[in-house]
Each structure stands twice: as C-alpha cells, then as structure tokens.
Participant: 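I have a structure here, written as structure tokens, and I will follow up with some questions on it.
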Amino acid sequence: MHTDDNSTFDTIRNFLSRIINRQFLVFLFFVVLSAIFWIIQTFNETYEKEIKIPVHIVNVPKNVVLTSTEVDTVRLTVRDKGWMIFSYLYGDLQFELRLNYKNYDKGNGTGTASASELKRLIDQQLESSSKIISVKPDKLEFSYNNGEYKRVPVRWTGRVMPDQLFFIDHTEYEPDSVDVYASKEKLDSIRYIETEPLNHVGFRDTLRVTCQLSHPANVKVVPEQIKVRFFTDVLTEESINVPIGCINLPAGKVLRTFPAKVRVHFVTGASRIRLLRPEDFTVVADYAEIDQKPSEKCNLYLRQTPPGISRATLSAKQVDYLIEEE
C-alpha cells in the first residue's frame, strides 16, 4: 500500500514539473522576444553622442621640435541611428586624425587647423548617414621651433614636510637638469623648471617621489618626468666656538677682541654635527662702524653659516675690544 502511494506521488510530481518547465520556457521565449523588439526599436531611434578621436601631427621635419602641449584628442558630437552610434563607440571602427604638418604650418613657429578643416577630415571617416553636430576644440593649434633649446636645473615645489624633530637635510634630483625647447624669447626667460606641486607630510625616512614637470604653455621639456629624493635627518641643538674676525680693517692696524672667540648656537641634523668646523662659520666686527661710532664694546655679526644650519645665533652680540698698531 505504501508503495502505491509513493508511485502516485512521483507521477503527480513529474506531471507538474513538465507543466511548470513548459510554462517557464514559454515565458522565457516571450521575454527574449520582447527584449529583441526593444533593442531593435531602441537602436532604430536617433541619438546624439560624443566620440573622442585621437589626433597626431605627422610628417614633422627632423629639424623641427613641437613645443606645444599637443592636443591629442578631438571631441566630436555625432547624430545618427542608435546602431550606428553603438558601432562607433564599441565596434571595430578605429577613428584617427593624422594632420600633415606641412599643410598647417604658418611659417612663424605656429600651425593651425580650423574647426571646418577638422570636420572635413573627420567626415571622410564617418558613414554617410551620420551628421556632425559639433567639434571641440573649435581649432587645433601647435607651436614649434627649429631645435633651439637650453638645459636648466629642476626645483621641487609644493608642501613637503617631514615629521616633528626631523628636517630635510638635502634633496637629490634624477636627472637634476632638463632640456627646454621653446621660442628664443621664452628660452631667455626660463631659469629653471619646477615640478608639479608635491604634497607629502609626516615622513621620517628618505622620501622618493616620481613626478611630472610643470612648464609654461608652448614649451617642451625633455624628459617630462623626474625622480626626487628627500633625505631626512634628526634635528638637534649644538654650539661651536668661532674666532672673531674683522672687516674693513685698514693696513697697519690690528683689532683684538676680548674674548677672541664667541659661541654660535644653532640647529642642524645629527649626522652633520661631526662634519662641522669653526672655520665653516664667519663672525666679524666692523672696523668702519667702530671708527664712526667709538664705544667701549663693538658689535658682532654672524656673516656666514654652512649649508644645513638653521636658527644660528651668537652667545654675545657685543664684546670688549682694543685697536693696536702693527
């Protein structure tokens, strides 16, 4: 009896399963059919879409260097049926604008291709059903020179600050100079090239940055990318005894100060301290000032400090002195 019940249940289940599967297949068929009709209808409507076309200036003479920031893309708005727009965007068609240098050179260091010319060249690559609505930019301009250049140093710019109690001991560039191509007027005015603004804070170890170079319009820089290394060191306070010298001292006279040395306090990196010598600093009294305004004490001036030294001050700004004849 139990076996008969199971057989009946299996029969009913198989029957319902066939009905449900059949209904599902019918439903799926109509869904696919509806989707096909929707795609056909959608693709048959007219659309306007922006298409980006790469631009290249070709047949440039070997002695000519393009100095402008080359416009490498033209943005084209096209009107056509959806299926054609789709083929432009995702199909195998490869659009490209190749502008012959000789056709657009004005002979004065510049060249221009107007919007109408760009439109004409692009229109040759489109299907006859397509209509160009707009072309951006409205014209394409380039500048060049005949190979004139000069080599200038590189400087970093921006906000580069190590962690507290650290400072930038020195900076290295790779390369430290670049070749600049531009018109003679611009070459004469360019003294150095800056990096793009850098923004790095809170570091302790050596910071290595690969960055682009920033330059004025119609100027070509080679290379356009460099590496910068910022070497850090720990800040520390130190002092050193420095002999006192004298400037503007007439022949036959000697200035003696009491004491003969003065202590210079400063802040520098821990690794630099052992390299410092008293002769790296220059502390002087000015005989001309003493001669004009005699007094019991003379003023002291810190005239020179070595690289990497900051917040340098004298332990005494005045000392006793004596002027003797040789």
Side-chain angles (χ1 to χ4, degrees), residues 52-75 96-115 117-118 121 135-162 168-201 203 205-232 307-308:
K52 294 182 179 180
I53 300 179
V55 179
H56 302 284
I57 300 174
V58 298
N59 297 329
V60 180
K62 292 183 178 180
N63 65 323
V64 170
V65 177
L66 296 177
T67 58
S68 55
T69 303
E70 186 177 352
V71 179
D72 58 1
T73 302
V74 168
R75 303 192 310 277
E96 185 181 36
L97 265 183
R98 298 175 66 84
L99 303 180
N100 193 321
Y101 165 86
K102 294 181 180 179
N103 294 339
Y104 305 100
D105 175 24
K106 290 185 175 181
N108 60 352
T110 63
T112 303
S114 64
E117 178 66 11
L118 296 175
L121 294 173
V135 177
K136 296 179 182 179
D138 56 0
K139 62 180 176 180
L140 191 147
E141 296 179 313
F142 62 89
S143 61
Y144 65 89
N145 74 4
N146 293 318
E148 298 90 350
Y149 76 97
K150 74 176 182 179
R151 196 161 183 82
V152 297
V154 177
R155 294 183 183 179
W156 70 269
T157 183
R159 184 169 174 259
V160 180
M161 299 175 59
I168 298 175
D169 181 61
H170 66 285
T171 305
E172 291 183 359
Y173 302 90
E174 185 183 342
D176 61 0
S177 301
V178 293
D179 293 332
V180 178
Y181 295 82
S183 64
K184 185 179 183 307
E185 293 76 14
K186 288 193 174 183
L187 285 178
D188 291 341
S189 65
I190 295 175
R191 297 289 178 265
Y192 56 86
I193 291 294
E194 293 183 339
T195 67
E196 62 184 348
L198 305 179
N199 186 20
H200 300 274
V201 297
F203 58 94
D205 297 327
T206 300
L207 174 66
R208 295 172 174 84
V209 180
T210 300
C211 56
Q212 298 294 122
L213 295 177
S214 177
H215 53 81
N218 297 328
V219 172
K220 183 179 180 64
V221 175
V222 180
E224 295 184 344
Q225 180 177 279
I226 66 165
K227 295 179 180 179
V228 187
R229 290 189 292 271
F230 298 91
F231 294 88
T232 60

Participant: So which atom in Asp138 and which in Ala115 form the shortest heavy-atom distance, rounded to 0.1 Å?
Facilitator: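 Scanning both residues completely, I find the closest heavy atoms to be O-CB, 2.6 Å.
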Participant: Within the side chain of Asn145, is there an N or O that forms a donor-acceptor pair under 3.5 Å with the backbone of Ala182?
Facilitator: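 Checking the backbone N and O of Ala182 against the side chain of Asn145, a donor-acceptor pair under 3.5 Å is found.
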Participant: Over all heavy atoms of both residues, which pair between Thr210 and Lys227 is shortest? Give the atoms and the distance, please.
Facilitator: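 Answer, listing the atom of Thr210 first, then Lys227: OG1-CG, 3.7 Å.
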Participant: Is there a side-chain contact between Asn59 and Asn103 in this structure, where contact means two heavy atoms from C-beta onward sitting under 4.5 Å apart?
Facilitator: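 Result no, sub-4.5 Å side-chain heavy-atom pair not found.
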Participant: Find out whether Asp179 and Val221 are in side-chain contact, i.e. whether some heavy atom of one side chain is under 4.5 Å from a heavy atom of the other.
Facilitator: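 No - every pair of side-chain heavy atoms lies 4.5 Å or more apart.
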Participant: Quick check for you: to the nearest 0.5 Å, what is the distance between Ser114 atom OG and Glu141 atom CD?
Facilitator: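 The OG atom of Ser114 sits 11.0 Å away from the CD atom of Glu141.
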Participant: Among Ile57, Val65, Asn218, Asp105, find the one that has a side-chain contact (heavy atoms from CB on, under 4.5 Å) with Tyr144.
Facilitator: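 Result: among Ile57, Val65, Asn218, Asp105, Asp105 is the only option passing the side-chain contact (heavy atoms from CB on, under 4.5 Å) with Tyr144.
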Participant: Please name the pair of heavy atoms, one in Tyr192 and one in Arg155, separated by the smallest distance, quoted to 0.1 Å.
Facilitator: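 Nearest pair, atom of Tyr192 first, then Arg155: CE2-NH1, 3.4 Å.
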Participant: Roughly how far, to the nearest 0.5 Å, is the CD atom of Glu174 from the CZ atom of Arg208?
Facilitator: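 Interatomic distance, Arg208 CZ to Glu174 CD, rounded to 0.5 Å: 10.5 Å.
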Participant: Counting only heavy atoms not in Lys186, do more than 12 sit closer than 6.0 Å to its NZ atom?
Facilitator: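 Yes, because the 6.0 Å sphere around NZ of Lys186 holds more than 12 heavy atoms from other groups.
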Participant: Atom CZ in Arg229, atom OG1 in Thr171: separation rounded to 0.5 Å?
Facilitator: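 Answer rounded to 0.5 Å: 10.5 Å.
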Participant: Quick one: sort the Phe230 and Trp156 rings into parallel, tilted or perpendicular, breaks at 30° and 60°.
Facilitator: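 Perpendicular: the ring planes of Phe230 and Trp156 meet at over 60°.
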Participant: Tell me if a side-chain donor or acceptor on Gln212 pairs with a main-chain N or O of Glu196 at a distance below 3.5 Å.
Facilitator: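 Checked: no pair found.
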Participant: Test your reading of the model: is there a side-chain donor-acceptor pair from Arg98 to the backbone of Val58, 3.5 Å cut-off?
Facilitator: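 Such a contact is absent between Arg98 side chain and Val58 backbone.
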Participant: Where is the tightest heavy-atom contact between Ile168 and Val160, given as atom of each residue plus distance?
Facilitator: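 Shortest heavy-atom separation between Ile168 and Val160 comes out as CD1-O, 3.7 Å.
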Participant: Give a yes or no answer on whether the side chain of Thr157 reaches the backbone of Thr195 with a donor-acceptor pair at less than 3.5 Å.
Facilitator: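 No, the answer is negative, given that no donor and acceptor are paired below the 3.5 Å cut-off.
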Participant: Side chain of Lys184, backbone of Glu148: donor and acceptor closer than 3.5 Å?
Facilitator: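 Side chain of Lys184 to backbone of Glu148, a donor-acceptor pair under 3.5 Å: no, none is there.
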Participant: Counting only N and O atoms by type, is there a donor-acceptor contact under 3.5 Å from the side chain of Lys150 to the main-chain atoms of Leu187?
Facilitator: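 Checked: pair present.
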Participant: Can you tell if the side chain of Arg159 reaches within under 4.5 Å of the side chain of Asn199, non-hydrogen atoms only?
Facilitator: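 Yes, side chains in contact.
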Participant: Above 12 or not: heavy atoms from other molecules or residues under 6.0 Å from CG of Asp205?
Facilitator: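 No, CG of Asp205 has 12 or fewer neighbouring heavy atoms, counting only those of other groups under 6.0 Å.
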Participant: Looking at Val222, is its backbone amide N or carbonyl O close enough to the side chain of Tyr181 to form a donor-acceptor pair, meaning the two atoms are under 3.5 Å apart?
Facilitator: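 No, the answer is negative, given that no donor and acceptor are paired below the 3.5 Å cut-off.
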Participant: So which heavy atom on Pro137 is nearest to which on Leu118, and how close?
Facilitator: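 Taking Pro137 first and Leu118 second, the nearest heavy atoms are O-CD1, 4.2 Å.
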Participant: Side chains of Pro175 and Ile226: does their closest heavy-atom pair fall under 4.5 Å?
Facilitator: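 SC-SC contact between Pro175 and Ile226 confirmed.
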